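Remarks on the structure that follows.
Note that the structure is a prediction, hence the values are computed from the model and not measured.
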Amino acid sequence: MRVTVDQERCIGSGMCVLAVGEVFDQREEDGVVRLLREDVPDELRDRVRRAAAVCPSRAITVRRDAEAQAG
């Protein structure tokens with residue numbers, strides 16, 4: 001699983017950080033999402049999918065490894 005974030009779309013709600021603080025953080029200055037790791041370990045995958053689903057601005061994209069490799 002690969003995760004990307006669109007910082008231009010992020011509205012800084014922090015839902016992703018609450019869902020998976022191991023993968024997402026927010027910038028101190030404006031609250032915009034920071035991706036801490038693109039590769040997600042198996043044990044965090046469900047939580048990352050939920051974080052993407054609850055993101056109000058749809059700034060998080062989750063791709064399976066095969067999709068990520070294909071571009």
Side-chain angles (χ1 to χ4, degrees):
M1 170 187 280
R2 297 281 176 186
V3 178
T4 57
V5 297
D6 183 342
Q7 292 182 324
E8 298 296 319
R9 292 186 77 169
C10 178
I11 60 171
S13 73
M15 299 299 289
C16 57
V17 178
L18 293 174
V20 199
E22 299 92 333
V23 176
F24 303 104
D25 196 3
Q26 290 178 281
R27 295 191 305 217
E28 290 284 331
E29 63 272 19
D30 57 9
V32 169
V33 65
R34 287 183 37 221
L35 185 61
L36 300 177
R37 56 184 312 161
E38 292 180 14
D39 59 324
V40 178
D42 290 345
E43 64 271 16
L44 297 177
R45 290 180 177 200
D46 286 342
R47 292 172 55 199
V48 169
R49 286 187 194 100
R50 281 195 296 270
V54 300
C55 176
S57 62
R58 302 287 185 238
I60 301 170
T61 302
V62 177
R63 301 168 104 184
R64 293 181 294 169
D65 288 334
E67 292 174 340
Q69 290 175 355

Which heavy atom in A59 sits nearest to a heavy atom in R9, and how many Å separate them?
CB-CB, 4.0 Å
Can you name the residues that form a salt bridge (charged side-chain N to carboxylate O under 4.0 Å, His left out) with E8, not counting sequence neighbours?
none
Near E43 CD, under 6.0 Å, is it more than 12 heavy atoms from other residues, nucleotides or ligands?
yes
Take a 6.0 Å sphere around CD of Q7 and say whether it holds more than 12 heavy atoms from other residues, nucleotides or ligands.
yes
Atom OG1 in T61, atom CZ in R2: separation rounded to 0.5 Å?
14.5 Å
Do M15 and V17 share a hydrophobic cluster, counting only Ile, Leu, Val, Met, Phe, Trp and Tyr and linking them when any side-chain heavy atoms are less than 4.5 Å apart?
no
Honestly curious: do V62 and L35 fall in one hydrophobic cluster under the side-chain, below-4.5 Å linking rule?
yes
What is the minimum heavy-atom distance between L36 and G21, and which atoms define it?
CD1-O, 3.5 Å
Can you name the nearest heavy-atom pair linking F24 to A51, along with the distance?
CE1-CB, 4.0 Å
Any side-chain heavy-atom pair of V5 and I60 under 4.5 Å
yes
Among R63, R45, R64, which one satisfies side-chain contact (heavy atoms from CB on, under 4.5 Å) with M1?
R45
Separation between CD (Q26) and CG (L18), nearest 0.5 Å, reads 8.0 Å
Ignoring hydrogens, what is the shortest heavy-atom contact between V32 and C10? Give both atom names and the distance.
CA-SG, 3.8 Å
Hey, does the side chain of R58 reach the backbone of A53 with a donor-acceptor pair shorter than 3.5 angstrom?
yes
Does any pair with a residue in residues 16-25 pass salt bridge (charged side-chain N to carboxylate O under 4.0 Å, His left out), and if so which ones, sequence neighbours excluded?
E22-R47, D25-R34
